Each structure stands twice: as C-alpha cells, then as structure tokens.
Amino acid sequence: MPGDIENDIDRVLIDRDRIAARVAELGRQIAADLERDTKRHPSDEHAGEIVLVPILTGSIIFLADLIRSMPLKMQIRVISVSSYAGRTTQSRGAQLAGELPPDIEGSHVLIVDDILDSGRTIRLVRKLIAERKPATLRTCVLLRKEIPEAMATPCDYVGFDVPNEFIVGAGLDYNGYYRNLPDLVTLRPEAM
Ligand code: IMP
Ligand code: MG
C-alpha cells in the first residue's frame with residue numbers, strides 16, 4: 001500500500017550522521033589495510049587487484065558510501081545470495097544465486113554485506129570465494145547483531161553492533177521495502 005514510510009518508524013537506532021561518520025572511518029581503515037597488502041604482494045597483471053564483492057541487495061547503500069572513502073583502484077563485482085526456508089534452524093540456509101566473479105584468483109577481495117545475523121550468508125560466500133584462491137580475503141558488514149551466532153562468525157570489519165531486533169533503512173529491507181530510509185530504524189508492529 002502506498003504511503004509515507006516515515007509513519008511506519010518505531011525508533012531510530014542509528015541516525016544518518018552517525019552512519020556517515022562510522023562508514024567513512026571504516027572505509028579509510030579498510031583502504032589503508034588493502035593498500036598495505038597490495039604493496040606486500042606486488043601485482044603482475046590481474047594478480048594484486050582489489051575486488052569488492054557486495055552481496056545484493058542490502059549492501060548497496062553501505063557500499064556506495066564506503067567506496068567513496070576508499071581512494072584506491074578497485075573493481076566491484078556484485079553477487080546475489082538467496083536464503084531458503086527450512087522448518088528448523090539447522091535446515092535453513094543460504095545459497096548463491098547466479099555466478100561468482102570468474103577471475104578473482106590472486107586478488108585482494110573484500111566481501112561487503114548489510115548485516116550479520118545467523119552468519120550463514122557470510123560463511124557461505126567466504127567459503128566459495130576462498131576456493132577461488134584470492135591473495136587476501138576480508139569481510140565487512142555495516143551491522144552485526146548481538147547474538148552468539150553472529151559474534152562467532154569471523155568478520156574483519158563491523159560498522160555497529162546492534163541489539164537483536166529487526167532493523168530496516170540504509171539498505172536493509174522488510175519484504176523489499178524501507179531500504180531508502182536514511183536512518184537505521186525499527187518498525188511499528190502495525191507495519192510488519
Ligand atoms: P544471515 O545469513 O542470517 O547472517 O543473514 C543475513 C541476511 O539476512 C542479511 O543480508 C539480511 O538480508 C537479512 N537480515 C538479517 N537480519 C535482518 C534485519 O534485522 N533486517 C533486515 N534484514 C535482515
Ligand atoms: Mg541481504
């Protein structure tokens with residue numbers, strides 16, 4: 001139903017200014033780390049390339065902000081992961097939808113996602129990309145939920161740790177909506 005999405009907001013968890021400041025800081029930190037790596041492993045042809053691998057669709061706004069504070073020569077190769085429902089937590093999972101970038105062997109790869117929840121998405125993508133033998137492989141998420149599964153998932157860069165609530169905005173969706181809200185918010189129960 002059409003309407004003003006602002007009316008569906010319950011609480012603002014992290015506002016746009018805090019997001020912008022933290023993402024710029026993360027970008028500078030990641031860029032410094034990647035630059036150090038590319039110098040340590042000097043490049044010949046495609047080896048040594050920096051390749052960002054954002055997971056669609058939730059990461060798009062985070063990615064757009066992040067890369068503008070990373071003044072490095074880089075490629076962007078988007079991928080898509082779909083989750084499949086299962087009746088138990090054990091049987092639920094994530095699967096790659098489409099192709100992995102073909103030529104990432106020897107590259108410095110950074111996986112970018114919106115939120116680390118159960119960790120299935122990051123674990124899956126990390127494993128699939130590791131099989132392609134990148135020179136280095138890092139993961140970066142805007143948000144990480146304060147739950148044991150998320151905390152136990154290896155992740156190199158985290159924007160914010162957040163409470164275990166359903167969050168939308170800044171790229172994160174509920175049923176495909178609310179990605180365009182500039183702040184990270186929770187929704188009123190009537191909206192869900
Ligand atoms: P994981 O595989 O369980 O870590 O889930 C990660 C994916 O679930 C994210 O890429 C999001 O698409 C989605 N997700 C998990 N928690 C939230 C949330 O609070 N708001 C919106 N999407 C979420
Ligand atoms: Mg997602």
Side-chain angles (χ1 to χ4, degrees), residues 5-16 18-19 22-23 26 30 51-67 76-101 109-131 137-192:
I5 52 176
E6 301 274 336
N7 294 333
D8 296 337
I9 296 174
D10 180 23
R11 263 167 44 247
V12 175
L13 289 181
I14 303 170
D15 69 30
R16 62 199 78 183
R18 275 185 71 204
I19 300 170
R22 177 66 182 133
V23 172
L26 258 186
I30 297 170
V51 182
L52 267 57
V53 180
I55 303 173
L56 293 177
T57 302
S59 69
I60 57 172
I61 291 175
F62 175 39
L63 177 84
D65 291 336
L66 190 72
I67 58 177
I76 297 170
R77 299 291 177 80
V78 300
I79 60 166
S80 230
V81 170
S82 59
S83 44
Y84 49 91
R87 271 181 293 126
T88 66
T89 319
Q90 298 304 315
S91 65
R92 281 195 284 268
Q95 73 193 102
L96 190 73
E99 300 280 294
L100 274 187
V109 175
L110 177 74
I111 300 165
V112 182
D113 203 6
D114 53 356
I115 185 165
L116 180 52
D117 185 13
S118 72
R120 285 191 193 88
T121 306
I122 288 290
R123 284 176 195 274
L124 171 78
V125 173
R126 210 189 163 99
K127 175 176 149 278
L128 294 174
I129 290 182
E131 287 166 2
L137 178 55
R138 293 187 173 87
T139 51
C140 168
V141 294
L142 176 61
L143 305 177
R144 175 173 62 186
K145 285 201 180 166
E146 285 166 335
I147 57 169
E149 305 91 293
M151 294 294 180
T153 304
C155 186
D156 301 281
Y157 306 98
V158 176
F160 300 94
D161 282 313
V162 290
N164 188 17
E165 293 181 71
F166 199 80
I167 300 170
V168 299
L172 288 90
D173 73 302
Y174 170 66
N175 276 350
Y177 298 111
Y178 304 108
R179 296 191 196 277
N180 51 320
L181 281 171
D183 305 312
L184 285 158
V185 307
T186 58
L187 291 174
R188 296 155 68 106
E190 311 88 86
M192 304 186 73

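Remember, predicted model here, so these are calculated numbers, not experimental data. For ligands, and for the atoms within them, numbers begin at 1 and follow the listed sequence.
When the heavy-atom distances from atom 3 (O) of ligand 1 to G93, G58, G169, S118 are ranked, the shortest goes to S118.
An N or O contact shorter than 3.5 Å is missing between L116 and ligand 1 by distance. Checked by distance only, ligand 1 and I122 stay at 3.5 Å or farther apart across all their nitrogen or oxygen atoms.
By the 4.0 Å N-to-carboxylate-O rule, R126 lies too far from D113 to be salt-bridged with it. Salt-bridge formation is not detected for the pair D8/R188: no Lys NZ or Arg NE/NH1/NH2 atom is positioned less than 4.0 Å from an Asp or Glu carboxylate oxygen.
The CD1 atom of I55 sits 8.0 Å away from the CG atom of D114 when rounded to the nearest 0.5 Å. The line from CD1 of I122 to SG of C155 is 5.5 Å long, rounded to the nearest 0.5 Å. Atom CZ in R11 sits 13.0 Å away from atom CG in D183 (nearest 0.5 Å). Distance CD1/I61 to CG/L66: 13.5 Å, rounded to 0.5 Å. Taking CD1 of I9 as the reference point, atom CG of L187 lies at 8.0 Å (rounded to 0.5 Å).
Listed by number with element, the atoms of ligand 1 under 4.0 angstrom from any heavy atom of T121 are 1 (P), 2 (O), 5 (O), 6 (C). Short contacts between ligand 1 and D114, defined as distances under 4.0 Å to a heavy atom of the residue, involve ligand atoms 9 (C), 10 (O), 11 (C), 12 (O). Close approach to D113 involves these atoms of ligand 1, each under 4.0 Å from a residue heavy atom: 10 (O). Of all atoms in ligand 1, numbered sequentially from 1 with element shown, those under 4.0 Å from a heavy atom of E165 are 19 (O).
Ligand 1 lies within reach of G119, whose nearest heavy atom is under 4.0 Å from it. Look at V168 and you'll find every heavy atom at least 4.0 Å from all atoms of ligand 1. Ligand 1 lies less than 4.0 angstrom from a heavy atom belonging to K145.
Not a single side chain to side chain contact (heavy atoms under 4.5 Å, CB included) links E99 to another residue, sequence neighbours left out.
When non-hydrogen atoms are compared, ligand 1 lies under 4.0 Å from neither the backbone nor the side chain of I55.
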